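Computed from a predicted model, the values in this text were never measured in an experiment. Just so you know, ligand 1 is whichever comes first in the structure, and atom 1 is the first atom listed for that ligand.
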Amino acid sequence: MILLNNAEVELQKEYMNKVKELNTKKLKYYILTMGCQLNENDSEKLCGMLEEMNYEKTEDINLADFIIMNTCCVRENAEEKLFGKLGEYKKIKEKNNAIIAIGGCMMQEKHIIEKLNKSYPYVDIIFGTHTLHKLPEDIYKILNKQKKVQDILDIDGEVFEGLPIKRNDDKKASVTIMYGCNNFCTYCIVPYVRGRERSRKPEDILKEIKQLADEGYKEITLLGQNVNSYNGGIVNGKEYNFANLLRDVNDIDGIEIIRFVSPHPKDFKADVIQAIKGCKKVSRILHLPLQSGSTAVLKKMNRKYTKEQFIELAEKIKKEIPEVVFSTDIIVGFPEETEEDFEDTLDVVRKVNFEQIFMFIYSRRVGTPADRMENQIPEEIKHERFDRLKALFEQQIEENNKKYIGTVQTVLIEGKSKNNENTLTARTSTNKVVILDGDESLIGKLVDVKIVSQHVWFLKGRIQK
Ligand code: 5AD
Ligand code: SF4
């Protein structure tokens, strides 16, 4: 298995060299990434490979010789976006003789591939979630006049190590620790398009993070569809579950902030809570995806916890680590959701008092059990509930922000503010944006700031002398 994996990576490196030789001058690539942080991280790998092959990034699609889109299929609007964009890409292809490549989650869906093949024949390369590493080979084939490459695997992919990577940021980095998901929440397409859970080896993860620390990275986000079911096996007699992995990452010098997304409440066991408690670098905002506050809906969603168990879990974590706050994901308008069910969701929101809520309107996904359920909720009811949840949340943000005023927070200075060149933007451990006056030389550093005021979407702070 390991040899095969290495051999495949070596083979792709050979293709990278071959393509590089064919691309005698620097060419430009344009990349569009949809969806979650895992996709962003996959795109960093795609960019890493492209840059090895003499392509350089452009933000201006009109200049592109190579257009690549990394797709997502978690919610509906991404589909409209893909097909909308393809018309634009066709024009660039005709003008610049550009190559068009489309990859990622949506390519694992049969109905999408059928539509692409039927109505968008000019797409050159189509690859799925398990064949991303083969981009060099795919490009080589196209450059050698193969008309079209379609490389999609239905089986679970392997974990490939040692591919080049071009990171988007020089202070914060994401590190994927596991791929796939075994949970089959009934609304979710992910288990069908990303396959079963596969964990990376702890030694590979730790090596990558140590290297990032050496390069000056301060903040690491550990990524996976279900990070707290990470299973890295036993190394030197030590069992690498998520708790032990966190402890080892926490010991890496230079890394100051550790985040992780997304955990599943059902796997938030006592050892994970203890690890977070003991690891001071782990961010004090924890993501605890609720999805719904109604026990009946949660059962239909196959979430494996009740309303009460969720609230108890939040209370238990808060008791162990009082400075913790929570963020969450909520879906409104799941099939059969009644007014009472929705009230239960609002009730949990009031009780847990989330600092951040990612709100989603339920979107039917072909092939998932929820799509086949009767009593789908009418659009206007979904939107009305969404607006009510949003109003409650906005009210809570202001209340929560007020608690920060007068406190001293250690923040990572991320850069100049987008809206005002003369101020700096930073983030607290709990992921709040803080705007402050200060010198550019502070960028990338951790500093103590006193919070002086709140402005709903950000806080203002003053550097502590
Ligand atoms: N409709 C709406 N939201 C969804 N999510 C996943 N699938 C769907 C769907 N079909 C949301 C969940 C998940 C987040 C990443 O996306 O809240 O936690
Ligand atoms: Fe989807 Fe549920 Fe897996 Fe998250 S845990 S990726 S929501 S199936």
Side-chain angles (χ1 to χ4, degrees), residues 33-42 71-80 104-106 108-109 111-112 129 156 174 176-199 221-231 242 260-268 286-294 297-305 310 326-337 342 345 348-349 354 356-373 376-377 379 381-383 385-386 389-390 393:
T33 307
M34 297 175 182
C36 66
Q37 291 187 57
L38 273 153
N39 250 21
E40 290 286 348
N41 191 236
D42 278 350
T71 62
C72 161
C73 57
V74 169
R75 285 172 295 274
E76 210 153 27
N77 45 13
E79 239 162 75
E80 289 154 24
C105 294
M106 219 187 279
Q108 299 289 137
E109 294 186 287
H111 69 281
I112 297 283
T129 52
D156 299 338
S174 302
T176 300
I177 62 166
M178 62 180 303
Y179 300 87
C181 179
N182 291 352
N183 291 329
F184 290 93
C185 302
T186 56
Y187 51 80
C188 187
I189 193 77
V190 167
Y192 304 90
V193 298
R194 290 232 172 219
R196 296 297 67 71
E197 289 175 5
R198 283 108 49 210
S199 293
T221 303
L222 306 175
L223 297 179
Q225 303 295 347
N226 189 2
V227 281
N228 49 356
S229 72
Y230 173 80
N231 178 1
F242 185 61
F260 53 86
V261 277
S262 222
H264 193 299
K266 78 170 168 52
D267 296 310
F268 236 106
L286 295 180
H287 193 60
L288 216 51
L290 170 65
Q291 310 301 0
S292 168
S294 150
V297 173
L298 287 166
K299 192 158 182 7
K300 290 175 202 160
M301 286 178 162
N302 191 28
R303 289 292 291 175
K304 303 183 177 82
Y305 52 85
F310 185 93
F326 299 103
S327 62
T328 199
D329 291 347
I330 295 177
I331 298 176
V332 298
F334 185 80
E336 296 173 12
E337 183 188 67
F342 179 64
T345 298
V348 179
V349 169
F354 300 104
Q356 222 170 345
I357 305 182
F358 300 94
M359 290 172 264
F360 305 105
I361 289 178
Y362 169 69
S363 164
R364 297 175 75 163
R365 305 287 73 207
V366 177
T368 59
D371 182 46
R372 297 188 288 274
M373 288 178 189
Q376 297 285 330
I377 305 299
E379 285 305 312
I381 297 184
K382 286 190 202 169
H383 281 92
R385 287 182 187 160
F386 183 89
L389 174 62
K390 189 161 164 262
F393 174 52

Item to complete: List every atom of ligand 1 that sits less than 4.0 Å from any heavy atom of R365, numbering the atoms from 1 in the order shown and giving each element.
Response: 10 (N)

Response to the item:
atom 3 (N) of ligand 1 sits nearest the protein heavy atom F360 CB, 3.5 Å

Item to complete: May I ask you to identify, for P191, whether its side chain, its backbone, both or neither come under 4.0 Å of ligand 2 on a heavy-atom basis?
Response: side chain

Worksheet item: Who's the nearest protein heavy-atom neighbour of atom 7 (N) of ligand 1, and how far?
Response: Y187 CD1, 3.3 Å

Discussion item. Looking only at protein heavy atoms, which one is nearest to atom 7 (S) of ligand 2, and what is the separation?
Written reply: Y187 OH, 3.3 Å

Item to complete: Could you go through the side chain to side chain contact (heavy atoms under 4.5 Å, CB included) check for K266 and N226 one step at a time?
Response: CA-CA 10 Å; K266 78 170 168 52; N226 189 2; 4.0 Å; yes

Fill in: N, O or S from C188 under 2.8 Å to atom 1 (Fe) of ligand 2
yes

Worksheet item: Is it the side chain (CB and beyond), the backbone, both or neither of P289 that lies under 4.0 Å from ligand 1, heavy atoms counted?
Response: neither

Worksheet item: Can a non-hydrogen atom of R194 be found less than 4.0 Å from any atom of ligand 2?
Response: no

Discussion item. Side chains of N41 and S174 only: does a donor on one sit below 3.5 Å from an acceptor on the other?
Written reply: no

Worksheet item: Where does T368 meet ligand 1, judged by heavy-atom distances below 4.0 Å: at the side chain, the backbone, both, or neither?
Response: neither

Worksheet item: Less than 3.5 Å between some nitrogen or oxygen of R75 and one of ligand 1, yes or no?
Response: yes

Discussion item. With a 3.5 Å distance limit and no angle check, can you tell me whether D329 reaches the backbone of Q291 through a side-chain donor-acceptor pair?
Written reply: no

Item to complete: Mind running side chain to side chain contact (heavy atoms under 4.5 Å, CB included) on M301 and Y187 for me, showing each step along the way?
Response: CA-CA 7 Å; M301 286 178 162; Y187 51 80; 3.9 Å; yes

Discussion item. What's the separation between atom CZ in F242 and atom OG in S229, rounded to the nearest 0.5 Å?
Written reply: 10.0 Å

Worksheet entry | atom 6 (C) of ligand 1 [closest protein heavy-atom partner, distance rounded to 0.1 Å] | V74 CG1, 3.3 Å

Worksheet item: In terms of the angle between their ring planes, are H287 and F358 parallel, tilted or perpendicular, with boundaries placed at 30° and 60°?
Response: perpendicular

Response to the item:
For atom 10 (N) of ligand 1, the closest protein heavy atom turns out to be S363 O, 2.8 Å

Item to complete: Enumerate the atoms of ligand 1 whose separation from the nearest heavy atom of I361 is less than 4.0 angstrom.
Response: 1 (N), 2 (C)

Item to complete: Under 4.0 Å from a heavy atom of Q291: give me the atoms of ligand 1 that qualify, with their elements.
Response: 12 (C), 13 (C), 17 (O), 18 (O)

Worksheet entry | 2.8 Å cut-off met by an N, O or S atom of C185 to atom 3 (Fe) of ligand 2 | no

Item to complete: Mind running side chain to side chain contact (heavy atoms under 4.5 Å, CB included) on E337 and Y362 for me, showing each step along the way?
Response: CA-CA 11 Å; E337 183 188 67; Y362 169 69; over 6 Å; no

Response to the item:
Under 4.0 Å from one or more heavy atoms of I331, ligand 1 contributes atoms 3 (N), 4 (C), 5 (N), 12 (C), 17 (O)

Item to complete: Would you mind finding which of T328, T186, D329, I189 brings a heavy atom closest to atom 15 (C) of ligand 1?
Response: D329

Item to complete: Could you see which bit of K304 sits under 4.0 Å from ligand 2, with heavy atoms only: side chain, backbone, both or neither?
Response: neither

